[in-house]
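Heads up: the structure comes next, in structure tokens.
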Number of protein chains: 2
Amino acid sequence: MAGEVAPDASTLRPTQDQRGLSKSQAAYQWVKARIADGSYSPGYRLVLGQIAKELGVSVVPVREAIRMLEAEGMVTFERNIGAQVAMIDPREYEITMQTLSLVEGAATAMAAPLISVDALRRAREINDEMADTLAHFDPASFTRLNLEFHSVLFEACPNPHILDLVHRGWNRLRALRESTFSFVPGRARESVAEHSALLDLITGGADALQIELSARNHRLATLDAFLAQQAQANAPAQKGADQ
Amino acid sequence: MAGEVAPDASTLRPTQDQRGLSKSQAAYQWVKARIADGSYSPGYRLVLGQIAKELGVSVVPVREAIRMLEAEGMVTFERNIGAQVAMIDPREYEITMQTLSLVEGAATAMAAPLISVDALRRAREINDEMADTLAHFDPASFTRLNLEFHSVLFEACPNPHILDLVHRGWNRLRALRESTFSFVPGRARESVAEHSALLDLITGGADALQIELSARNHRLATLDAFLAQQAQANAPAQKGADQ
DNA sequence: GTATTTCAAATGATATACGATCTTGCCTAT
DNA sequence: ATAGGCAAGATCGTATATCATTTGAAATAC
């Protein structure tokens, strides 16, 4: 089965912390965690009986858990065939970034009038920290700080649906890419500058549309940098022959 | 139990058309259809054993079906208590319209370069039909044509995630309101005019942002008309005393 | 050697039984 | 009249057993 990885055998049973959960909820969280941490990679076959044995429960709650994951799109579940972790569309990163640019731009604009002075100061501090890390660049840290920065700006969005879509977008990115910045290192420096400009717009009380487009284009610029890098990496063999 | 309505006893068993479905899938579709058509209204208690009896299956596939609906947010399912149809947030219409204005605006703009001449002609015909119905106004017909019109404009959107969000928004609106136009009848005439202007932008090859904002603001104008009507309907008792 | 058939094993789907939990109504004490 | 306790009934959650379907390996036919 393509993409199949042996599951990690550690932490197999519901812990004491999960005493208040039904077995199906515990199974749901267990499987979801393994998908999120990569133990179960895209295409991996989820064998209900095995999972049930590992968790020490019957297949009935495991089936319920898989149904929930199916409804969330994380798993495909075919009658009489079984379940597997959903494959990732090769264009998924691009589609997700496009969608996120839209909803995050709007969330940032809607949140702007509601952000406290303290929060804005915090955002500047994070961006300064990001600038500091450029000298000895670690993509994982930069990416973590990047989310932290943007979270300050969008979490005050008053529309819970849009905010939820932003969260989903970020979660999906995490599953797709540990960090884009490892692929396009030069992008990090530009990002920090764009953050600063975005903060200036917000603190300067700029027009909502301007803020929205700035936040959106910031995300799209990261996508563009990645796509440009990919196009270069996939250049025709003639380029390679020159070297 | 608040909002409880007796379920419609017709069409209780999976039909021959559903032979290829698992029992859990059939139960899922059955319950989902009853929520969609209002037989199971918000807050209605879904008793697993009853549904199983009505469908002629055991509770096991019914539980799987409810898990899927839970993951989609249509149902709340509490351990040892049971399941009920999710309640509707009083602000849901506003939140949904805001979100839809955002994603539909973007979908319309992204689809614009991809719409065929035939499709654009079809959109104009629908809008003309909508204008014709203004003389003897029927909100339900107008709303149906309205969706048809907008579908022509957004279905060519190349980003499947954004398109899915548009579909979800329209589905959600359908569940919340049969038709906004029954509440704000004057809005229909303005809508038709705005459709025409939007079509002019698209056929004129206007800038994507202009198209997006036009489509978004069109949806927001309907929301604003509704909210203004609500505010007027809830005016203080003094107003009533004057009359 | 290749294609087809057969069969056993693995896995899926779900009914039934049973223990767990919650709700409701009745009774008793204050 | 109100509060608390208890039991019965309703319902939930899940283990187990059983039947259904699929998969893969071995045997057979050409």
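Quantities reported herein were computed from a predicted structural model and do not represent experimental measurements. Below, chain A is the first sequence line, B the second, and so on; all start at residue 1.
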When rounded to whole Å, the CD1 to C1' distance for the pair B:Ile81 and D:dG13 reads 13 Å
From CZ of B:Arg79 across to P of C:dT23 the rounded distance in Å is 14 Å
Between CG of B:Leu55 and P of C:dA15 the distance, given in whole Å, is 11 Å
In whole angstroms, the gap separating C1' of C:dT23 from CD of B:Glu78 amounts to 14 Å
Practice item. Look at all strands and tell whether A:Ile51 reaches a base, only sugar-phosphate, or nothing, counting heavy atoms closer than 4.0 Å. Key: nothing
- Query: Can you tell me if A:Ser191 and A:Asn146 form a side-chain donor-acceptor pair at under 3.5 Å?
  - Reply: no
Against the side chain of B:Ser24, the closest entry in C:dT14, D:dT14, C:dT11 is C:dT14
### Message
Assess, by modelled atom type and distance only, whether the side chains of A:Gln98 and A:Tyr93 contain a donor and an acceptor separated by less than 3.5 Å.
### Response
no
*If only side-chain N and O atoms of B:Arg45 are considered, is one of them under 4.0 Å from the OP1 or OP2 phosphate oxygen of D:dC12?*
yes
ask   = Does NZ or CZ of A:Arg34 come closer than 6.0 Å to the centre of the six-membered ring of A:Trp30, within 45° of the ring's axis?
value = yes
In whole angstroms, the gap separating P of C:dA13 from CE of B:Met68 amounts to 12 Å
query: Distance under 6.0 Å and angle within 45° of the ring axis: does A:Arg67 meet both against A:Phe77?
result: yes
Taken to the nearest whole Å, CD1/A:Ile66 to P/C:dT11 is 14 Å
Between A:Val60 and B:Gly82, the residue closer to the 5' end of DNA chain D by nearest nucleotide is B:Gly82
Quick note, A:Val57 side chain, CB onward, closest among D:dT23, C:dA15, D:dA15 is D:dA15
*asked:* Quiz question: by atom type and distance under 3.5 Å, do the side chains of A:Arg174 and A:Asn171 form a donor-acceptor pair?
replied: yes
In whole angstroms, the gap separating C1' of C:dC22 from CG of B:Leu48 amounts to 14 Å
Side-chain atoms of A:Lys23 come closest, of C:dT14, D:dT22, D:dA15, to D:dA15
Considering only heavy side-chain atoms of B:Asn80, the closest of D:dG13, D:dT14, C:dA13 is D:dG13
| said: Between A:Arg63 and C:dA13, is there a contact of a side-chain N or O with OP1 or OP2 at under 4.0 Å? | reply: yes
From CD of A:Glu64 across to P of D:dG13 the rounded distance in Å is 8 Å
Classify B:Gln25 by what it touches in the nucleic acid, base, sugar-phosphate, or nothing, heavy-atom distance under 4.0 Å. nothing
Quick note, B:Val59 side chain, CB onward, closest among D:dT14, C:dA13, C:dT14 is D:dT14
